[in-house]
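Labels below follow one simple rule: chain letters A, B, ... track the order of the sequence lines, proteins then strands, and each chain is numbered from 1.
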2 protein chains.
Amino acid sequence: MLLEQGLITCSIGTIYYLRDAAIIFERGCEVIVRKGVTAKDVAKLAGVSQSTVSRVFFEGAMVSERTKKKVLAAAEELGYGPNEFARSLITNRTKIIGLVMKGVKNPFYPHVLKEFATAFKRLGYSILFVHTNNDEIQKDDIMTLLNYKVAGVIITDATLSLKVTEDFKANKIPLVFFNRKAGMKDFFSVCTNNYEASRHIAEFLIQKGCEDMVYISGNHDTSTSREREMGFVEVLKKHHVHYKKYTSDYTFAGGYTTGQQMVTENKVPSGIFVANDIMALGVLGALRENGISIPETTKVIGFDNIDMSAWPTNSLTTWEQPIVEMVEQTVRYMMAEIKEYSGVSGNIEVQGRLVERKTT
Amino acid sequence: MLLEQGLITCSIGTIYYLRDAAIIFERGCEVIVRKGVTAKDVAKLAGVSQSTVSRVFFEGAMVSERTKKKVLAAAEELGYGPNEFARSLITNRTKIIGLVMKGVKNPFYPHVLKEFATAFKRLGYSILFVHTNNDEIQKDDIMTLLNYKVAGVIITDATLSLKVTEDFKANKIPLVFFNRKAGMKDFFSVCTNNYEASRHIAEFLIQKGCEDMVYISGNHDTSTSREREMGFVEVLKKHHVHYKKYTSDYTFAGGYTTGQQMVTENKVPSGIFVANDIMALGVLGALRENGISIPETTKVIGFDNIDMSAWPTNSLTTWEQPIVEMVEQTVRYMMAEIKEYSGVSGNIEVQGRLVERKTT
DNA sequence: AAAATTAATGAATACGTATTCAAAATAAAA
DNA sequence: TTTTATTTTGAATACGTATTCATTAATTTT
């Protein structure tokens, strides 16, 4: 049947093998259809009521040790687990956190994803992953989250339209922007202190003897890029250091292109601050390819401290964003808001630190 | 209140600012508590029954165009969306796909994640993301998926114990191993044709003049690594080419260490096949650092064709795993099984292709 | 031992939807 | 128009759990 549907052909049209298909298919039909085990079934087997079974699986409910043991044994035997939907229908809350992410291709974010997944799992929460292609999250993505009655939402990489944010407020669903500030002031965000960090960076490069500088921005409309630029430029101005800004897009390719451009224009400066690491690696690639010696001629510093930056081949000086700490803060706020919604807005700024390597 | 809980301090103990906290907090309290809008509310506003509202939101149900319009308008006004839990409780199926992933730090997988997210969103499915640290997925992760009554499960990076697999069969939940074959033969998997690919690779290196070879494996217990080794070694044996095997772990660090080890042991061969790209980049780093010229002295080839391999600085020759096609196949199988469960087992093998760059 | 208190349990109900079945409205045929 | 067929709707019910309230069992106090 699968063969009839052409399922086993791959897109170039060749038919590949389907091991033991027929046999297994027959076996597939033989499988005994065990219906979904419910609390009722467990109750019957354990000789108690459904309520009692429910209580056994509900943290902190009142059950005697003896019946608890009995029920758990029955549950184990039947392979029972509480239906999360029925559960959520009653409690009107879920153990799901919506996580919205855009730039999965920047290694920074998979790392963040991993940390969130680990942290929330420990707390008994699951993650509904939403990928968005747009800088501004679309209405239907949000509707999905709303309809699943998620306990909270974390947006790592994008912003929201005002219209949509109201839905969250109205439904009392806590919302955190991670590594991004929302356009409006009315939400909570967790970021590195970009402003302070970029001031440090500027002073560091100046102290290293750089006399003309370049700032390579990420996507222009992001709060991170703007803040990093602001702090950096402020310090440069104070020291009367000449600088130029290139606008890029937070990708390796973007960094590489910008690097090439600087070489072509013959405008390679002595110090470059790149708004994130992955772009910085692109810049490095372009400069090194053109025989520019780093750090002698030009010093390059990135932002994030992704794993790759530490690789001996790259050895990129950068500003570390303490992912674990940022995640910790986010989770903490989230859990507090889930417990008792306040809708408070604000911004937690976490301090990072300079990681000096061979590009400066 | 948040301040009392110490939420606004970051872990180094400093207190950072919470913008407009008090004001917003007060405002937060003012927010009108709109209760979750239900079909009943919409029905009342639209002047129809709850059943009718339900039908409007249920694909293919019988409603007149006129009432549909009326209901949709009312729904829009109230911001209504069907409660997915109540819905799932009735239908006993969800629009959620469980996606289990281990190696998020290997760029190959974020890319896979993105493709899955995109493909399933188009089909109206959401993704429950499960991160696992272990090669073999743990019971409680699986219970989560089971309890959420996911429509299907994709496991990208790990395997399952036999005990657990039975739960899926029993609940008729389709399961696909992506880029990994299950230990037992009873499941469905989608992979690149690793065996054929590695034969090609062996022949390619031989033809390029390599006379002694090294294979650097990933985690030993993975099917991918074993298959890649098998094909590679078979061809080498046929041509009486000397080879040696190093066991590594699919990480950059692992590759780097292995590269260093080869240099130290003075056993750098003329051709190296590394079981994935990220390790290959580690190997490259180590070799280049030790002044070994590539591709003149040694040729290196990876597997995956992750974005980074194409970066000019790396320019790694590799075997491309056609992610989009693999995802497509997986989704196709999944949807067919969701529509009508067969439990058929088998293996779709997708052809990749050699991408020749500067390391060979 | 009796009374009073506390702990443990079960019966009944609500959550928000899909779905069945019967009734009503509409369209088509006579 | 009347009859028949068809489309559209509403009332009632089920899904699997948490929870309330009343009841029973166990424990403590008198």
Side-chain angles (χ1 to χ4, degrees), chain A residues 34-72 74-75 78-96 124 143-144 146-151 171, chain B residues 34-72 74-75 78-96 124 143-144 146-151 171:
Chain A
R34 214 200 297 175
K35 253 218 71 182
V37 184
T38 76
K40 220 172 178 177
D41 304 326
V42 177
K44 188 180 271 178
L45 180 62
V48 296
S49 72
Q50 178 267 322
S51 321
T52 303
V53 175
S54 171
R55 276 188 271 260
V56 169
F57 285 89
F58 189 81
E59 201 73 26
M62 187 157 292
V63 221
S64 73
E65 209 48 50
R66 207 164 54 87
T67 52
K68 187 171 185 174
K69 208 171 285 175
K70 222 169 30 176
V71 168
L72 283 178
L78 298 177
Y80 168 80
N83 181 325
E84 291 292 342
F85 296 126
R87 186 171 256 190
S88 299
L89 190 55
I90 285 283
T91 59
N92 202 30
R93 63 211 148 94
T94 65
K95 292 262 195 174
I96 301 180
M143 279 311 275
T144 305
L146 249 34
N147 295 344
Y148 274 114
K149 303 265 177 254
V150 292
N171 288 283
Chain B
R34 215 201 297 175
K35 254 217 74 183
V37 183
T38 75
K40 222 172 177 177
D41 304 325
V42 177
K44 188 181 273 178
L45 181 61
V48 297
S49 72
Q50 178 268 322
S51 320
T52 303
V53 174
S54 171
R55 275 188 272 258
V56 169
F57 285 88
F58 189 79
E59 200 74 26
M62 188 157 294
V63 222
S64 73
E65 209 48 48
R66 207 164 54 88
T67 52
K68 188 171 185 175
K69 209 171 285 176
K70 223 168 30 174
V71 169
L72 285 178
L78 298 177
Y80 167 81
N83 181 324
E84 291 291 342
F85 295 127
R87 185 171 254 190
S88 298
L89 189 55
I90 285 284
T91 59
N92 202 29
R93 65 212 146 93
T94 65
K95 291 262 196 174
I96 301 180
M143 279 311 274
T144 305
L146 249 36
N147 296 345
Y148 274 114
K149 303 269 179 249
V150 292
N171 288 284

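Nearest nucleotide to the A:I90 side chain, out of C:dT17, C:dT9, C:dA14: C:dA14. Side chain of A:R55, nearest nucleotide from D:dA18, C:dA18, C:dG10: C:dG10. Nearest nucleotide to the side chain of B:A86, out of D:dT17, D:dG10, C:dG16: C:dG16. Distance from the side chain of B:N83 is smallest for C:dG16 among the nucleotides C:dG16, D:dT17, D:dT9. For B:Y80, counting side-chain heavy atoms from C-beta on, the closest listed nucleotide (D:dT9, C:dA18, C:dT17) is C:dT17.
The main-chain N or O of A:M143 is found under 3.5 Å from a side-chain atom of A:N147 such that the two form a donor-acceptor pair.
Contact between the side-chain N/O atoms of B:T91 and the OP1/OP2 oxygens of C:dT17 is not found at any separation under 4.0 Å. Look at A:S51 and you won't find any side-chain N or O under 4.0 angstrom from OP1 or OP2 of C:dT9. Residue B:T52 places at least one side-chain N or O under 4.0 Å from the OP1 or OP2 atom of D:dG10. Contact annotation: A:S64 side-chain N/O to C:dT9 OP1/OP2 distance is under 4.0 Å. Listed pair A:S49 / C:dG10 meets the phosphate criterion, a side-chain N or O lying under 4.0 Å from OP1 or OP2.
Each of B:M62 and A:A39 lies near DNA chain D, and the nucleotide nearest B:M62 is the one positioned closer to the 5' end.
Rounded to an integer number of Å, the gap from CZ of A:F85 to C1' of D:dA18 is 17 Å. For the pair A:F57 CZ and D:dA18 P, the computed distance is 10 Å after rounding to whole Å. B:L146 has its CG atom 16 Å from the C1' atom of D:dG16, to the nearest Å. Spacing between atom CG of A:L89 and atom P of C:dA14 amounts to 13 Å, rounded to whole angstrom units. Look at CD on B:E84: it is 15 Å from C1' on D:dC15, rounded to the nearest Å. A straight line from CZ of B:R66 to C1' of D:dT7 spans 13 Å, rounded to a whole angstrom. Between B:R87 atom CZ and D:dT17 atom P the separation is 21 Å, expressed in whole Å. Between the P atom of C:dA14 and the CG atom of A:N92 lies a distance of 16 Å, rounded to the nearest Å.
A 4.5 Å side-chain heavy-atom check between A:I96 and B:Y148 finds at least one atom pair inside the cut-off. Annotation: side chain of B:L146 is in contact with side chain of B:N171 (closest heavy-atom distance under 4.5 Å). By the 4.5 Å heavy-atom criterion applied to side chains, B:F57 and B:L72 are counted as neighbours.
Rounded to 10 degrees, the angle between the two end axes of the helix from C:dA1-D:dT30 to C:dA30-D:dT1 is 30°, with five pairs used at each end.
In this structure, A:T94 has no side-chain hydrogen bond (donor to acceptor under 3.5 Å, both in side chains) partners at least two apart in sequence or on a different chain.
Summarising the geometry, atom OG belonging to A:S64 is positioned 11.0 Å from atom CZ belonging to A:R55; distances are rounded to the nearest 0.5 Å. With rounding to the nearest 0.5 angstrom, the OG1 atom of A:T91 is 8.0 Å from the CZ atom of A:F58. We find the OG1-CE distance between B:T52 and B:M62 to be 12.5 Å, quoted to the nearest 0.5 Å.
In terms of polar N and O atoms assigned as donor or acceptor, the side chain of A:Q50 comes within less than 3.5 Å of the base of D:dA18 in a complementary pairing.
Nucleic acid contact for B:V53: none, since no nucleic acid atom lies under 4.0 Å from a heavy atom of the residue. B:T67 comes within contact range of the sugar-phosphate backbone alone, with a heavy-atom separation under 4.0 Å but no base atom that close.
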